[in-house]
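Naming convention: chains lettered A, B, ... in sequence-line order (proteins, then strands); numbering from 1 in each chain. Computed from heavy atoms alone, side chains included, the values below leave out hydrogens, waters and symmetry copies. Keep in mind it's a predicted model, so treat the numbers as computed, not measured.
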There are 2 protein chains.
Amino acid sequence: MYLRYLEDLDTRGQQTASSDELAHLCGTTPAQVRKDLSFFGSFGKRGLGYPVHELTAHLREILGLQREWKVIIIGAGKIGAALANYRGFRQRGFKVAGVYDNDPLKVGQPWGEAIVRRMEDIEADLTREDAPIAVLAIPAEGAQQVVDRLVAAGVRAILNFAPTQITVPPHVNLKSVNMAMELEGLSFALTNPGYLDEGVA
Amino acid sequence: MYLRYLEDLDTRGQQTASSDELAHLCGTTPAQVRKDLSFFGSFGKRGLGYPVHELTAHLREILGLQREWKVIIIGAGKIGAALANYRGFRQRGFKVAGVYDNDPLKVGQPWGEAIVRRMEDIEADLTREDAPIAVLAIPAEGAQQVVDRLVAAGVRAILNFAPTQITVPPHVNLKSVNMAMELEGLSFALTNPGYLDEGVA
DNA sequence: GAATGTGAAGGCTTTCACAGCG
DNA sequence: CGCTGTGAAAGCCTTCACATTC
């Protein structure tokens, strides 16, 4: 999050930014900003603030964004397309190395710069050119099964959009995004005003 | 999350579920399950577990899912389409009441059961038929401006997919999902093994 | 004077452990 | 006997406040 706003400031040519300024941009508190950044080092100058350009570079390195990450997308549907369309995706070094689908109608079709491939090809493709990150954009049914295959094939990180609980071994990183659950959270907040903090977020 | 798995169990005809079982399904701990549920009441029976069907109904009520929620989607792109396509979306009582876009090429085109409308129509449409939930699926530029208009028009909850920080007044509920940031989190985890817990999630 | 870096305090969440009930 | 509900303990994260540095 800090990186996003620091990049903006850097583009605009701003030299330094205080924890106060960053906090306002990110919707946090100055103390939080300082604690967060201090976890990785002492980047600021007392009396001045943080050097924007330098800190940007530091954060990019910490996040591992200097290199290019190859990403395979499982499920040639709308979610995968949304990700691939998103400028920031490629801009930040994520490159779609392949798209896979079970639907024979979709297999072979062009999809951005790639061509949709058969689900069965995953294993073979991954031995040839390994893609450590996979985006799972398929229905809940069978998602775990696909994940098991991905893990066996050497995938080390998975971004899951399937609305179901996924289990992976300890060496694999998993993040899940569940859009329906987000909406249900809003339904709850609207139904029970006062239970939750409202406001800036 | 509990609701999702309880519904599954209910469909399969299971009568009761222990906190142990729910914890395994959801990837939590039994104590967590009990604390969470106890916040809303005493739904379980000691020695037996929780009555699946009854608890399902309770949770639906707590979440405010008995009624139908009208949702407007801002931005007739891939993300909105992915949401509208998703079965669970409608199944859980969320109904797309309108889709809006700035692009003249998209305005007037059919979009699911709706027709894409002009962004300028939002205010007029909302006075006629108010939609308390809005999904923001547009680029970061101008997102805050659109949000301000939505809020002024009476929208009370916003699900934001624009990759930028949004501010709303205290009476409006906001949730943000940032796909690029999720991937960057995976990049971090792959780059710095050991900083984060890995494994089941 | 201005703003960071950081121990200490405070607050929140999770886990423990067990009494109590079916 | 099995499993919930829940105070108490432990752990984690945020906020405070101030010495420190530029």
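Contact annotation: B:S18 does not reach the phosphate of D:dC3 (side-chain N/O to OP1 or OP2, under 4.0 Å). Side-chain nitrogen and oxygen atoms of A:Q32 include none within less than 4.0 Å of the OP1 or OP2 phosphate oxygen of D:dC13. Not one side-chain nitrogen or oxygen of A:S19 sits closer than 4.0 Å to the OP1 or OP2 atom of C:dA3.
The heavy-atom pair separating A:F43 from A:L37 by the smallest distance is CE1-O, 3.6 Å.
Atom CZ of B:F43 and atom C1' of C:dC21 are 18 Å apart (whole Å). Distance, A:F39 CZ to D:dT14 P: 12 Å, rounded to whole Å. B:H24 places its NE2 atom 16 Å from the C1' atom of D:dC3, with the value rounded to the nearest Å. Whole-Å rounding puts the A:D20 CG to D:dA17 P distance at 16 Å. When the P atom of C:dT6 is taken as reference, atom CZ of A:F40 falls 14 Å away, rounded to whole Å. Per the geometry, CG belonging to B:D36 stands 13 Å off P belonging to D:dT4, to the nearest Å. Atom-to-atom, CD of B:E21 to C1' of D:dG2 comes out at 14 Å; the value is rounded to the nearest Å.
Shown for residues 48-63 of chain B: residues whose heavy atoms fall under 4.0 angstrom of DNA chain D, namely B:L48, B:G49, B:Y50.
The base of C:dG7 sits with one of its N or O atoms less than 3.5 Å from a complementary donor or acceptor on the side chain of A:K35. On a pure distance criterion of 3.5 Å, no polar donor-acceptor pair joins the side chain of A:R46 and the base of D:dT21.
Of the candidates D:dT15, D:dG5, C:dG5, C:dG5 carries the atom nearest the A:S38 side chain, counting heavy atoms from C-beta on. Minimum atom distance to the side chain of B:R34 is reached by C:dA17, of the listed D:dC3, C:dT4, C:dA17.
Judged by distance alone, with hydrogens and angles left aside, the side-chain atoms of B:Y5 form a donor-acceptor pair with the main-chain N or O of A:Q165 at under 3.5 Å. The closest donor-acceptor contact from the side chain of A:D101 to the backbone of A:G75 lies at 3.5 Å or more, if one exists at all. With hydrogens and angles ignored, the 3.5 Å screen pairs a side-chain donor or acceptor of B:S187 with a backbone N or O of A:G64. A donor-acceptor pair under 3.5 Å is formed between the side chain of B:R149 and the backbone N or O of B:M119.
By the neighbour-count criterion of 12 heavy atoms within 6.0 Å, atom CD of A:Q15 is sparsely surrounded, having that number or fewer from other residues, nucleotides or ligands. Counting non-hydrogen atoms of neighbouring residues, nucleotides and ligands closer than 6.0 angstrom, the CD atom of A:Q66 exceeds 12 such neighbours.
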